[in-house]
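Residue numbers start at 1 and run along the sequence shown. Worth saying up front: this structure is predicted, and the values here are computed from it rather than measured. Values below: every heavy atom of this structure, side chains too, minus hydrogens, waters and symmetry copies.
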Amino acid sequence: SSSGGELADVDLYDKASGKKRVATSGSVTLNPSGAVTFRRVVVMVDGIDAAQAAYEKLGFQVQPRGFHRKLGTANHLMIFDTDYFEILGIVEDTEFNAERREWLKNGGGLANVALATDGADISFEAFRKAGLNPDAPLFFDRAVEVAGKTEHAQFRTVRIPKTNMPVVGFFVCEHITPQFVYRPEWARHPNGARGIAGVTVIAEQPAKWIPELEKYFGAGSARRDGNGVVVDTGTQPIRYLTRQDYAARYPGIVPVRPGAHPALLGVRVASLPACEALLKKNGVKIMKPDAGRLLVPPSEAAHLTLEFVER
């Protein structure tokens with residue numbers, strides 16, 4: 001599903017460096033304020049209550065539930081230093097979430113990757129020229145409690161239709177009020193999570209998506225790696241693997257969803273042994289294919305596979 005551009009929250013600037021990146025989209029060079037980088041992941045869940053409990057058990061500081069009344073959806077955020085992910089569930093059937101309800105019939109999981117920009121209009125124009133057929137920018141906001149006061153986090157999003165979706169539903173989101181999303185007190189997680197390490201996508205023929213991916217991230221951003229593809233998004237990599245290679249890289253993990261889909265979220269932690277100890281204490285089933293990573297199967301994370309790494 002590529003629906004979701006209007007959904008929740010996203011970052012727009014590189015907090016770590018305070019700089020904007022210059023990127024290209026197709027033959028169009030985006031100026032610094034229009035550069036896009038991978039900044040957030042949307043995980044669709046079938047049952048927001050159970051998913052909230054599951055992610056608390058996984059050792060995340062799960063933010064209080066936010067509601068998108070018009071959309072009939074609710075979410076919880078897991079916020080890190082410069083990126084984050086959210087779990088999103090349907091709480092009321094509306095015309096706006098019909099596509100997501102259909103998508104959930106095959107199970108929950110990673111649905112969308114949000115790209116950060118501070119120029120929704122610039123990104124819209126660049127994507128249009130690159131042939132991605134973007135929807136016009138859409139404004140929305142969400143109430144958020146900050147230091148005991150209700151504020152409104154504001155966003156402008158640009159969605160890309162399914163026809164230009166390289167397995168992953170990308171959308172661009174300009175974050176007008178980043179100070180209402182990135183709070184250091186919200187980025188402290190019992191499991192030691194510090195940020196997103198990447199996304200892994202199952203695709204039948206990974207290389208066939210290279211031309212489409214380069215429309216988003218620029219010429220040369222997607223490179224072959226064996227039978228797979230690795231995409232340089234400006235921040236965390238997105239890796240495309242065949243189902244066979246996915247099974248070899250993540251032994252014992254059986255994806256919930258059939259067909260091609262984004263299947264795994266990598267999370268960077270401060271200490272892998274400390275993370276492992278917490279997961280074991282909380283009774284979470286984990287797998288250790290090697291010393292450098294911990295895998296959490298879909299049964300433990302609302303149909304998403306998680307890979308914890310230390311770096």
- request: Establish, from distance only, whether the side-chain atoms of Asp141 and Gln154 form a donor-acceptor pair under 3.5 Å.
  value: no
query: Would you call Val269 and Val309 a side-chain contact if the rule is heavy atoms closer than 4.5 Å?
result: no
message: Given 3.5 Å as the limit, does a donor-acceptor pair link the side chain of Asn282 with the main chain of Leu279, or not?
response: no
message: If you define the side chain from C-beta out and look only at heavy atoms, does anything of Arg159 sit under 4.5 Å from Pro134?
response: no
- request: Using the test salt bridge (Lys or Arg N to Asp or Glu O under 4.0 Å), find all partners of Arg268 that sit at least two apart in sequence or belong to another chain.
  value: none
query: Mind checking whether Phe139 and Thr157 have side chains closer than 4.5 Å, heavy atoms only?
result: no
message: Strictly distance-based, threshold 3.5 Å: is any side-chain N or O of His303 a donor or acceptor partner for the main-chain N or O of Ala301?
response: no
message: Between Leu306 and Ile286, is there shared hydrophobic-cluster membership here, with clusters defined by ILVMFWY side-chain heavy atoms closer than 4.5 Å?
response: yes
query: Is there a donor-acceptor pair under 3.5 Å between the side chain of Asn164 and the backbone N or O of Gly131?
result: yes
message: For the backbone of Ala120 and the side chain of Ser123, can you confirm whether one donor and one acceptor N or O come within less than 3.5 Å of each other?
response: no
task: Keeping to residues at least two apart or across chains, list the salt bridge (charged side-chain N to carboxylate O under 4.0 Å, His left out) pairs with something in residues 217-228.
output: Asp225-Arg239
- prompt: Shared ILVMFWY cluster between Ile210 and Phe38, side chains joined below 4.5 angstrom?
  reply: yes
task: Scan for side-chain hydrogen bond (donor to acceptor under 3.5 Å, both in side chains) pairs involving residues 289-299, sequence neighbours excluded, and state none if there are none.
output: Asp290-Arg293, Arg293-Glu307
- request: Verify, without hydrogens or angle tests, whether Glu86 (side chain) and Leu77 (backbone) share a donor-acceptor contact under 3.5 angstrom.
  value: no
- line: On a heavy-atom basis, the closest approach of Ala197 and Pro237 is O-CD, 3.6 Å
query: Has the side chain of Thr94 got a donor or acceptor atom that lies under 3.5 Å from a matching backbone atom of Leu71?
result: yes
- prompt: Who passes salt bridge (Lys or Arg N to Asp or Glu O under 4.0 Å) against Glu300, sequence neighbours left out?
  reply: none
query: Quick one: are His152 and Val144 in side-chain contact, heavy atoms under 4.5 Å?
result: no
- request: Examine the side chains of Thr37 and Thr235 and answer whether a donor and an acceptor come within less than 3.5 Å of each other.
  value: no
query: Quick one: salt bridge (Lys or Arg N to Asp or Glu O under 4.0 Å) partners of Arg249, sequence neighbours excluded?
result: none
query: Which heavy-atom pair separates Pro137 from Asp121 by the least distance, and what is that distance?
result: CG-OD1, 3.7 Å
task: Apply salt bridge (Lys or Arg N to Asp or Glu O under 4.0 Å) to Glu310 and list each qualifying residue two or more places apart in sequence or on a separate chain.
output: none
query: Among all residues two or more places apart in sequence or in another chain, which pass the side-chain hydrogen bond (donor to acceptor under 3.5 Å, both in side chains) test with Glu145?
result: Thr150
query: Taking atom CD of Glu204 as the centre, does the number of heavy atoms from other residues, nucleotides or ligands within less than 6.0 Å exceed 12?
result: no
- prompt: For the atom pair CE (Met44) and CZ (Arg257), what is the distance rounded to the nearest 0.5 Å?
  reply: 9.5 Å
- prompt: Can you tell me if Arg100 and Asn112 form a side-chain donor-acceptor pair at under 3.5 Å?
  reply: yes
Nonpolar side-chain network containing Met287, other nodes, edges under 4.5 Å: Ile202, Leu241, Tyr246, Tyr250, Ile253, Leu264, Leu295
statement: The complete set of salt bridge (charged side-chain N to carboxylate O under 4.0 Å, His left out) pairs with one or both residues in residues 187-198, sequence neighbours excluded, reads Asp81-Arg194
task: Start with the C-alpha distance between Arg40 and Asp83, add both sets of side-chain angles, then the distance that settles salt bridge (Lys or Arg N to Asp or Glu O under 4.0 Å), and finish with yes or no.
output: CA-CA 6 Å; Arg40 172 169 64 101; Asp83 52 25; over 6 Å; no
- request: Determine whether Phe170 and Leu213 make a side-chain contact, defined as any pair of heavy atoms from C-beta on separated by less than 4.5 Å.
  value: yes
query: Is Val199 close to Gln236 at the side-chain level, that is, under 4.5 Å between some pair of heavy atoms?
result: no
Side chain to side chain contact (heavy atoms under 4.5 Å, CB included) partners of Ala74, counting only residues at least two apart: Arg65, Phe67, Val91
task: Evaluate the side-chain proximity of Tyr55 to Ile87: yes if any heavy-atom separation is below 4.5 Å, no if none is.
output: yes
field: Heavy-atom check, side chain of Ile176 versus side chain of Arg156, under 4.5 Å
entry: yes
field: Residue pairs involving residues 269-279 (criterion side-chain hydrogen bond (donor to acceptor under 3.5 Å, both in side chains); sequence neighbours excluded)
entry: Glu276-Lys280, Glu276-Lys288
- prompt: Closest approach of Val256 and Pro298, non-hydrogen atoms and distance?
  reply: CG2-CB, 3.5 Å
- prompt: Mind checking whether His189 and Phe60 have parallel, tilted or perpendicular rings, split at 30° and 60°?
  reply: perpendicular
field: Main-chain N/O of Glu185 paired with Gln61 side-chain donor or acceptor, under 3.5 Å
entry: yes
Counterpart residues, side chain to side chain contact (heavy atoms under 4.5 Å, CB included), relative to Thr242 (two or more places apart): Pro206, Asn227, Gln244, Asp245
task: Pick out which of Phe217, Tyr216, Phe171 makes a ring-ring contact (aromatic ring centres under 6.0 Å, His included) with Phe127.
output: Tyr216
